[in-house]
Amino acid sequence: MADYQFGNIENVKEGDKFVNRQALRDAGIHLAPVAGIDGNPRVGAPSIVLNGGYVDDLDLGDEIIYTGHGGNDPSSKKQIKDQSWDATGNKALIVSEMQGLPIRVTRGFKHKSKFSPKEGYVYGGLYYVTDHFEEKGKNGFVICRYKLEKVSPSETWQNLVKKELPLGNENSKRIATEVLRIVRDTKLSKEIKKLYNYECQICGTTISVRGARYAEAAHIKPLGKPHNGNDQPGNLICLCPNHHVMFDKGVFAIENDLSLVGIEGSLSLHKNHTIEKSNFDYHKEHIFINE
DNA sequence: ATTGACCAAGTT
DNA sequence: AACTTGGTCAAT
């Protein structure tokens, strides 16, 4: 229900200090008053705090091996049981990994590393979750682990620009090309994927990882030069990675009656999804390899 | 829609 | 050790 915002927060820059969690919350960086992982399994995790709550945490600066939450005894704070991938925050991090969402990282005084502040909390910028795995922690119980890698400065800049972009507005074509290569999921592409329940419109496949689903939104008429396709629902379809690449590389094309040329099959179409058919024509003529 | 239990672990 | 908060989730 909370209104989570992803990416950088206006007026907060890397290195900014906060006296306590309440200040972090007031700034809009991390809403949870206590939990180290902010977010939920529906939208992902917009923010984490690295504050020594789990002994296995490893902070290398641009790379962090983070521990999921749960399994600790409320009173002693020691880990007394296995962690679960189903815990709200742990699942949220998986969703962030699958969707390539940026995560705000804040370091707290309780964790001891050369990157940790002596007191209070320091905002550390944006990271991506690039991997997750399971292992036995120092306390002998299963822990959920995540590899976080810092978003490059140029990408961070793009993330800031993204906010001001009128997504889906065809007047923003040029900028949209650059941004879309970097921002791995836009509001619109997410909507398309949700409409199809993350299943490929050609083969019906979805990739499911610990309950988080993955698919790709493909532009029929490519964005940017020289094609100048638009970023509208009528130019987007939901595909699995294989069919996405095949489509982009021209291995097959889609006819107006939704049958395929180049490979067997047809495109299934949701009743609430209207495709701009001229985009099929464009793709067939300019991208499809007809030989 | 509304509720109450449960979760996370920071703060005093 | 006690008290505290915002949010999620399941039950109503």
ask   = Once you round it to whole Å, what is the distance between P of B:dA9 and CD of A:Gln79?
value = 11 Å
key: Distance in angstrom units between A:Lys91 NZ and B:dA8 C1', rounded   = 18 Å
query = Across the strands shown, which category fits A:Ala2 at heavy-atom distances under 4.0 angstrom: base, sugar-phosphate, nothing?
reply = sugar-phosphate
request  = Mind checking A:Pro74 for me? I need base, sugar-phosphate or nothing, with any heavy atom below 4.0 Å counting as a touch.
outcome  = nothing
message = Would you call the rings of A:Tyr196 and A:His270 parallel, tilted or perpendicular, taking 30° and 60° as the class edges?
response = perpendicular
message = Nearest 0.5 angstrom please: A:Arg42 CZ to A:Lys194 NZ, how far?
response = 9.5 Å
query = Closest nucleotide of DNA chain C for A:Ser75 versus for A:Ala32: which of these residues is on the 5' side?
reply = A:Ser75
message = For a quick check of understanding: with a heavy-atom distance under 4.0 Å over all strands, which category does A:Gly89 fall into, base, sugar-phosphate or nothing?
response = nothing
message = Could you tell me how far apart A:Asp26 (CG) and C:dG6 (P) are, to the nearest whole angstrom?
response = 10 Å
key: salt bridge (Lys or Arg N to Asp or Glu O under 4.0 Å) partners of A:Glu63, counting only residues at least two apart   = none
message = Within this structure, what is the CG-CD1 distance for the pair A:Asn139 and A:Ile80, rounded to the nearest 0.5 Å?
response = 11.0 Å
Atom pairs, protein N/O to nucleotides 10-12 of chain B N/O, distance under 3.5 Å:
| from | atom 1 | to | atom 2 | distance (Å) |
| --- | --- | --- | --- | --- |
| B:dG10 | OP2 | A:Lys110 | NZ | 3.0 |
| B:dT11 | OP1 | A:Arg21 | N | 2.6 |
| B:dT11 | OP2 | A:Tyr121 | OH | 3.0 |

query = A:His30 has an atom NE2; how far is it from atom P of C:dG7, in whole Å?
reply = 11 Å
request  = For residues A:Val129 and A:Ile103, report the shortest heavy-atom separation together with the two atoms involved.
outcome  = CG2-CD1, 3.2 Å
